[in-house]
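Worksheet for the structure shown next.
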There are 2 protein chains.
Amino acid sequence: MSQPNGNSRKTSSTLRQIADEAGVSISAVSKVLNGRGKSVRVSPSTAQHIRDVAIKLNYVPNVLAQSLRMSRTKTVGLVFENFGSISDGPEYYVHLLDGVASELFKRHYRLMILPEIDRQHPLASVGDGRMDGVIWCKMPPERATIDRLRSSPIPFVALHAPPPEAPTDTVFISCDNAGGARLAVDHLVGLGHRRMLFVLERHEETTPDAQARLGGFLEACTSHGIDVQDEDVVTWSREADEFAHWHRKRGDQTAIFAWNERIASSILRRAAEAKVSVPNDLSVVGFDSTPYCELTSPRLTAVRQPIRLMAGQAAHTLLDLIEGRPPSQYDQVFACTLDVRDSTGRPRGGRPSPQS
Amino acid sequence: MSQPNGNSRKTSSTLRQIADEAGVSISAVSKVLNGRGKSVRVSPSTAQHIRDVAIKLNYVPNVLAQSLRMSRTKTVGLVFENFGSISDGPEYYVHLLDGVASELFKRHYRLMILPEIDRQHPLASVGDGRMDGVIWCKMPPERATIDRLRSSPIPFVALHAPPPEAPTDTVFISCDNAGGARLAVDHLVGLGHRRMLFVLERHEETTPDAQARLGGFLEACTSHGIDVQDEDVVTWSREADEFAHWHRKRGDQTAIFAWNERIASSILRRAAEAKVSVPNDLSVVGFDSTPYCELTSPRLTAVRQPIRLMAGQAAHTLLDLIEGRPPSQYDQVFACTLDVRDSTGRPRGGRPSPQS
DNA sequence: GTGAAAGCGCTAACAC
DNA sequence: GTGTTAGCGCTTTCAC
């Protein structure tokens, strides 16, 4: 019987076939082949016989049936709305993926990628029995949706900052966004900058992480006695198309702090187009220091969050939850550091501040 | 009853619960809620009643049970051994992922990532009932393994060049590696280069794609009357640690053709370290033109393969196979083009060849 | 129109 | 030690 692609596909054999062939009961076969320790009371000889037959018949356990029966799938879902266009986004996501995957694989779980979720019925996509738990890269921030999620049959963790009204008994893994922003501002102020532009990204400006970075920026400025004006905080497109216009009528800002690496690199590109020399005429700092930042020109000074570690920790905590171990902590925050590269320097005519 | 993470988890309801609550049979509920057209002969009023109850009880079908029953999972597996360290590899893989994912999601299939496969028992990882089909990013090249795979209960496609002894009734999606290599050589020769180094990557040097690129390189050289010496083909580490040594005692090669973008960029870096000016002292061409090549310095001239398209086509063909439509073609080859950037130029003292 | 019943492939409690 | 049995949640044929 020829199959569509010309292969003769054998549907792999079942416990029943092996039992018949070996002349024993199905349960004997089950015990020998997939048995969990204790209940495996089968004589060595029959056991061997069963194993032989299983090999002969090319037996592969049907994981679907096992999962249904045991209500455990050894599979974790990753809700990752950017999938399908990861290459367009910040490199950050690739590291996130790596971090989640390597922890999962180490523990012999599989990874299932979930495309966009129906926000009205998040459970429909998540509670269908196929996964033991879920990691959210960008959880819907509305409290109502989160609450609906909390009555889900499976545990989940969010791999981002908690939104303002987040429940306290839900796991959030994030970096110290505010602290990271402070690092950047301190660095710039240390170089002598007294007025900076904070750039958010359209469609991302309300995410908890973006807001927390903005919060840190404002706070740090205040603590340096810098008065932030309304026009010092803007929301631009990912390509930073607004740069030229901003540059033409900019006030006395001498530095830009961009909420992520991707938009920061766009700004670098736009600056070059506008013949603005970085860091001589303008300093630029990004958030998310990745190998990518080594390749921009000039190399991008950026705040580093330990994303691979965080992603691994998210997976780790989720597996704990799945396996019945309560998390040591619900709100897990990782410290940031600053990678100073070549895109920041003293402002023209500025002088380093005393505390630098 | 408090759960590990403090949530009260409702295990979502089943057909049976809805049937009980609604006072109808399980099969009636099944027909109304998940029924496929024809067999849904239920009075409008009971149907509505059932739907109401289902909503009230927050019903979500158990896909595991459905899949087991129908032996269809609407899930495709991607065997991607690099997962967990994608960020270390060529950007190529990210585009591949995007291409596969977007096609799959468009057709409402899900993506399951499979980490390393047991080469002795490939079926164990692949034939366990969880997937309807599999895409291989790097299929084991041994004929024996492939043959074992061909008796798998589910169809598969390979997203790379066929190995020398590949069966002709298995789908391979690849780019015209030899043609791409020829493009690179033609370009270099056109600029005046008469002797080039071909760089393979350790652990990857025997893959069908690498071998095909090498083949194209040799062939193109021959067709230009260039005599390739043994020492003109080398295998280096991904970081191109061997560069300095090679440079010290190199013959009269004036250009390097690297088998992928990643190692090409390492070569660029090593050249800079060794104070070798690219393209003045040395021209460099890579394979896999991605946005990454825009960021190297100098920007990397590279052969472009339409990887996103190829990945989409792989997914597409696999879904055809799954849904019973035979593929129009087993060996699908996509043409390459050359993106000339700044890492190639005339050799010192060389002059463009007449055919350029 | 409706429901009883069989069974997808597997596990585990229980009886022998 | 070994086999029987009762499901996991679902679909579907077939009587009524």
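Letters A, B, ... mirror the listed sequences (proteins, then strands); counts begin at 1.
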Report task. Mind listing the closest non-hydrogen atom pair of A/C137 and A/L78 along with its distance? Result -> SG-CD1, 3.8 Å
Query raised in the report: Rounding to a whole Å, what distance do you find between B/I18:CD1 and C/dG3:P?
Result: 15 Å
Query - Among D/dT2, D/dG9, D/dG3, the one nearest A/V24 by side-chain distance - result: D/dG3
Report summary line: Within residues 44-53 of chain B, the residues having a heavy atom closer than 4.0 Å to DNA chain C are B/T46
Query - Output field: ring centroids A/F83/A/Y93 closer than 6.0 Å - result: no
**Report entry** Nucleotide nearest A/S27 when distance is taken to its side chain, options D/dG3, C/dT2, C/dA5
**Finding:** D/dG3
Query raised in the report: What is the minimum heavy-atom distance between B/A311 and B/L159, and which atoms define it?
Result: CA-CD2, 3.8 Å
**Report entry** Flag if over 12 foreign heavy atoms under 6.0 Å of CZ, A/R16
**Finding:** no
Query raised in the report: Could you state the CZ-P distance from A/R130 to D/dC10, rounded to the nearest angstrom?
Result: 13 Å
**Report entry** Ion pair check, A/D132 and A/R110, cut-off under 4.0 Å
**Finding:** no
Query raised in the report: What is the minimum heavy-atom distance between A/P155 and A/L318, and which atoms define it?
Result: O-CD1, 3.6 Å
Query raised in the report: Checking all strands, does B/S43 fall into the base, sugar-phosphate, or nothing category for heavy-atom contacts under 4.0 angstrom?
Result: sugar-phosphate
Query - C/dT2 phosphate, OP1 or OP2, under 4.0 Å from B/S25 side-chain N/O - result: no
Query raised in the report: Rounded to whole angstrom units, what separation is found between the CG atom of B/L15 and the P atom of D/dG9?
Result: 10 Å
Report task. Verify the contact: side-chain N or O of B/N34 to OP1 or OP2 of D/dT11, cut-off strictly under 4.0 Å; return yes or no. Result -> yes
Report each atom pair, protein N/O against N/O of nucleotides 14-16 of chain D, whose distance is under 3.5 angstrom.
none

Report task. Salt-bridge test for B/K56 and B/D52: reply yes if a basic N is under 4.0 Å from a carboxylate O, no otherwise. Result -> no
Query raised in the report: Hey, does A/T14 reach any base, or is it just sugar-phosphate, or nothing, if we go heavy atoms under 4.0 Å?
Result: sugar-phosphate
**Report entry** Spacing between A/N58 atom CG and C/dG9 atom C1', to the nearest angstrom
**Finding:** 17 Å
Query raised in the report: Between B/K138 and B/F80, is any pair of side-chain heavy atoms under 4.5 Å apart?
Result: no
Query raised in the report: Does any residue of residues 64-77 of chain B have a heavy atom under 4.0 Å from DNA chain C, and if so, which ones, in number order?
Result: B/L68, B/R69
Requested in this report: Please tell me if the side chains of A/F156 and A/I135 come closer than 4.5 Å, counting only heavy atoms from C-beta onward.
Outcome: no
Query raised in the report: Taking all atoms of both residues into account, what is the closest heavy-atom pair of A/S30 and A/L15, and its distance?
Result: CB-CD1, 3.7 Å
Query raised in the report: Between B/E323 and B/K74, is there a side-chain N and carboxylate O pair less than 4.0 Å apart?
Result: no
Query - Value in whole Å for how far the P atom of C/dG9 lies from CG of A/L33 - result: 16 Å
